[in-house]
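Below: the structure, in structure tokens.
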Amino acid sequence: GAGGPGAGGQGKQNNTNSNNSNNNTSSDNGQMLKCTNCAGKLEDTHFVQCPSNMQHKFCFSCCRESIIKQGNNEAFCPSGDKCPLAGSTVPWAFMQEEITTILDMNTSNIKDKS
């Protein structure tokens, strides 16, 4: 009987991955949220989430720079991609009031790298 003693233990390894006792609720995978553009740390609600690409998250400073750079009336995703809205070919853009709010912000207290 050369059935090998290691054959039976295979199935046990999978249980460790689905361990839900992780108390870190800061983000889905326990990593610190970082700006996609500048990699600066994002505070829980003080950032812009691209509605098309969940990986695209931006601090207000980068959003502001992107809006200024894009000029005109339309400001698309600060990633530089024109990320289309779900089920559409139309890229999402900042709404006019969002642009106004972001441009009016005092960015000196946003880029606080403490």
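Keep in mind that what you see is a predicted model, and the values were worked out from it rather than measured. Nothing fancy with the numbering, it's 1 onward along the sequence.
Taking all atoms of both residues into account, the shortest heavy-atom contact from K34 to A39 is CD-O, 3.6 Å.
In this structure, the separation between SG on C59 and CD on E43 is 11.0 Å, given to the nearest 0.5 Å. The CD1 atom of I67 lies 12.0 Å from the CZ atom of F76; values are rounded to the nearest 0.5 Å. Taken to the nearest 0.5 Å, the CD atom of Q70 stands 8.5 Å off from the CD1 atom of I99. Interatomic distance, E74 CD to K82 NZ, rounded to the nearest 0.5 Å: 8.0 Å. The CZ atom of F94 lies 7.5 Å from the SG atom of C77; values are rounded to the nearest 0.5 Å. The structure places OG1 of T45 at 13.0 Å from CD of Q49, a figure rounded to the nearest 0.5 Å.
The shortest distance between side-chain heavy atoms of P84 and P91 does not fall below 4.5 Å. Inter-residue side-chain proximity for K57 and V48 is flagged as unmet; no heavy-atom pair is nearer than 4.5 Å. Within the 4.5 Å cutoff, the side chain of L42 has heavy atoms near those of the C35 side chain. Between C38 and C62, some side-chain heavy-atom pair lies under the 4.5 Å cut-off. Looking at heavy atoms from C-beta onward, T36 lies out of side-chain contact with Q55 at the 4.5 angstrom threshold.
No chain of hydrophobic side-chain contacts below 4.5 Å, direct or via other Ile, Leu, Val, Met, Phe, Trp or Tyr residues, connects F60 to F58.
Partners of T101 under the side chain to side chain contact (heavy atoms under 4.5 Å, CB included) rule, at least two apart in sequence or in another chain, are M105. For the side-chain hydrogen bond (donor to acceptor under 3.5 Å, both in side chains) test, no residue two or more places apart in sequence or in another chain qualifies with D81. Listed by chain and residue number, nothing satisfies the ring-ring contact (aromatic ring centres under 6.0 Å, His included) test with F47 (two or more places apart in sequence, or in another chain).
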Checking E65 against S61 for the side chain to side chain donor-acceptor pair (under 3.5 Å) test, could you report, in this order, the C-alpha distance in whole Å, the side-chain angles of both residues, the deciding distance, and whether it holds? CA-CA 6 Å; E65 282 169 32; S61 298; 5.8 Å; no
